[in-house]
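Data first, discussion second: the structure below is written as structure tokens.
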Amino acid sequence: MPLANAFLTRDQFATEFFYELRAACCRRCMLVQIVDQPPRDKMFHDRYPFFSSSSERMQIHFAKLARAVIDHHSAGGDPLVVEVGSNDGTLLEHVALAGIRHVGVEPSASVAAVAAARGITTWRRFFDESVAADIVDRHGQADVVVATNALSHVGDLHSVVSAIDRLLSAKGVVVIEDPYWAQVLSRTAFDQIYDEHASYFALTSIQRLFEPHGFVVFDVDPVDVHGGSMRYSICRAGTRTPSPRVPALADQELTIGAFDASALAAFSRRVDAIGANLIELLQKRRRGGTRIVGYGATSKSTTTINYFGITPDLVEWICDTTPAKHGTFSPGAHIPVRPHDEFSRPYPDYALLFLWNHAEEVRAKEQAFAQAGGRWITYVPGVDET
Ligand code: DWN
């Protein structure tokens, strides 16, 4: 499998990096994870092409999360908010505008530069215990540590939790938000599995990760972003009263057998059925002389395209709104990526919705495509044409 975000030019084809993508479940940690995560500096680097602000819906989501962080966890005194994996500052911008002290920690220069240009204090480093110590030395301990779609990307989880322990004040709060394994399982959202996503958390996983470090999950909130995520509110044991939602969710995870071998085997069978059905449909539509364009050069699409064997003769090209991806080719299958503006020039007969987690936003934006007779091909949770 190639790296999910390694969109490349022709001259890079010969040196393209591949690794073995395998997912497994640790019964002790109750954590679904990939077995071999590539070196972190191959995934997160100066040219990292994913910008959190690429979705209007996510901009709104992060504005609401920032409001909650400010209202519930940053009242009084002179609080410090630290975001781990702060990307282009889409969340911290609101904290900064509220006049609250903040530090973003982001290893990828491409996105960190955008945050800095927006006036957000951004440290371009991978978050670890040395960074935590440096922040404490310079700014004091943090009242809030936020990590959205970041902790799931970390290979050495305990070292990062130790760093959070070093950074967080005695009564501080940690807010973690990541794709929720029970949703990935129930929606057969197999394409969430790729190199950047080292872990696929559930509440039980987060509890077994944080509790040995003296933390407890005191609240959980399902959030409908990125295909179904969960927000975990975490504190030092004894500093807050846990919500009854926490044990209820833990019981629910046991009831649905989220980590049972039978559930994982059934998931695997469903994925292979989706692949067979999708390839059959794409081939049938192409034999009929129709044109198919991919919609959204997402990280997730790299898994779909390369695991199912989708090639440029099935999907002509992929439209995308990120300038850094324009003129490149998709990882592995080398399907051309072109600007979204070309999607309507002329519309294809079918659009394969790689960006399924933003389906509502996309369908609203592309009503003219449907009105022109265009049809969407989707594959999560199953293959469908609409
Ligand atoms: O975990 C991660 C999530 C938060 O974001 C990262 N590891 C990488 C990334 O995953 P993704 O690439 O699957 O994210 P999205 O938001 O599903 O897709 C982003 C891509 O889609 C960008 O290249 C921009 C493009 N896009 C588009 O072409 N039209 C996005 C939107 C909203 C659109 O309308």
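Counting begins at 1 with the first residue of the sequence. Note that ligands are numbered from 1 as they come in the structure, with each ligand's atoms numbered from 1 the same way. Just so it is clear, the values below take in all heavy atoms, side chains as well, and ignore hydrogens, waters and symmetry mates.
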Backbone or side-chain N or O of His197 under 3.5 Å from ligand 1 N or O: yes
List the steps and the verdict of ring pair (Phe, Tyr, Trp, His ring centres under 6.0 Å) for Phe190 and Tyr307. CA-CA 10 Å; Phe190 66 93; Tyr307 189 62; 7.1 Å; no
Judged by non-hydrogen atoms, does Met58 sit under 4.0 Å from ligand 1? no
Lys325: numbered ligand 1 atoms lying under 4.0 Å from its heavy atoms: 22 (C), 23 (O)
closest protein heavy atom to atom 19 (C) of ligand 1 is Phe50 CE1, 3.8 Å
What part of Asn149 sits under 4.0 Å from ligand 1 if we count only heavy atoms: the side chain, the backbone, both or neither? side chain
Looking only at protein heavy atoms, what sits closest to atom 3 (C) of ligand 1 is His226 CE1, 3.7 Å
Looking only at protein heavy atoms, what sits closest to atom 24 (C) of ligand 1 is Thr322 OG1, 3.3 Å
Going by distance only, is there an N or O of Thr321 that falls short of 3.5 Å from an N or O of ligand 1? yes
Residue list, side-chain hydrogen bond (donor to acceptor under 3.5 Å, both in side chains) with Asp78, at least two apart or on another chain: Arg101
Tell me, which protein residue and heavy-atom name are nearest atom 31 (C) of ligand 1, and how many Å apart are they? Leu355 CD2, 3.3 Å
Atoms of ligand 1 under 4.0 Å from any heavy atom of Ala297, numbered from 1 in the order shown, are 23 (O)
For residues 372-383, please give each side-chain donor-acceptor pair under 3.5 Å, one per line with the distance, not counting sequence neighbours.
unit_1, atom_1, unit_2, atom_2, d
Arg375, NH1, Glu385, OE1, 3.3
Tyr379, OH, Asp191, OD2, 3.3
Tyr379, OH, Thr304, OG1, 3.3

What's the shortest distance from atom 25 (C) of ligand 1 to any protein heavy atom, and which residue and atom give it? Asp320 OD2, 3.1 Å
State whether the number of non-hydrogen atoms from other residues, nucleotides or ligands found under 6.0 Å of Lys365 atom NZ is greater than 12. yes
Determine, for Asp219 against Arg231, whether the closest basic-nitrogen to carboxylate-oxygen distance falls under 4.0 angstrom. no
Over 60° means perpendicular and under 30° means parallel, so tell me whether Tyr200 and Trp181 are parallel, tilted or perpendicular. perpendicular
Closest protein heavy atom to atom 16 (O) of ligand 1, given as residue, atom name and distance to 0.1 Å: His358 NE2, 3.3 Å
Show your working on side chain to side chain contact (heavy atoms under 4.5 Å, CB included) between Leu31 and Phe201 and close with a plain yes or no. CA-CA 6 Å; Leu31 175 65; Phe201 293 128; 3.6 Å; yes
Establish, from distance only, whether the side-chain atoms of Thr9 and Asp11 form a donor-acceptor pair under 3.5 Å. yes
Assess whether ring pair (Phe, Tyr, Trp, His ring centres under 6.0 Å) is satisfied between His197 and Tyr194, documenting all intermediate values. CA-CA 6 Å; His197 288 174; Tyr194 55 87; 4.1 Å; yes
Heavy atoms only, cut-off 4.0 Å: how does Lys365 contact ligand 1, side chain, backbone, both, or neither? side chain
contact_flag Tyr48 ligand 1 heavy-atom lt 4.0 Å: yes
For Arg57, state whether at least one heavy atom is located under 4.0 Å from any atom of ligand 1. no
Numbered in order shown, the ligand 1 atoms found under 4.0 Å of a heavy atom of His153 are 1 (O), 2 (C), 6 (C), 7 (N)
Tell me whether Glu361 reaches ligand 1 (any heavy atom closer than 4.0 angstrom to a ligand atom). yes
Of all the atoms in ligand 1, which lie at a distance below 4.0 Å from a heavy atom belonging to Ser55? 32 (C)
Tell me, which protein residue and heavy-atom name are nearest atom 8 (C) of ligand 1, and how many Å apart are they? Ser299 OG, 3.3 Å
Taking the non-hydrogen atoms of Tyr194, is any one of them nearer than 4.0 angstrom to ligand 1? yes
Parallel, tilted or perpendicular: which one describes the rings of Phe343 and Phe369, with boundaries at 30° and 60°? tilted
Could you check whether Arg40 pairs with Asp156 (Lys NZ or Arg NE/NH1/NH2 to Asp/Glu carboxylate O, under 4.0 Å)? no
For Glu342 and His326, test the side chains for any donor-to-acceptor distance below 3.5 angstrom and give the result as yes or no. no
Whether Glu56 lies under 4.0 Å from ligand 1, heavy atom: no
Verify the neighbour count for atom CZ of Arg27: are there more than 12 heavy atoms of other residues, nucleotides or ligands below 6.0 Å? yes
Count I, L, V, M, F, W, Y as connected when their side-chain heavy atoms are under 4.5 Å apart, and connections chain through other members. Are Met58 and Leu92 then in the same cluster? yes
Ligand 1 contact on Lys300 by region, counting heavy-atom pairs under 4.0 Å: both
Residue Glu196 vicinity, atoms of ligand 1 by number, heavy atom under 4.0 Å: 6 (C), 7 (N), 8 (C)
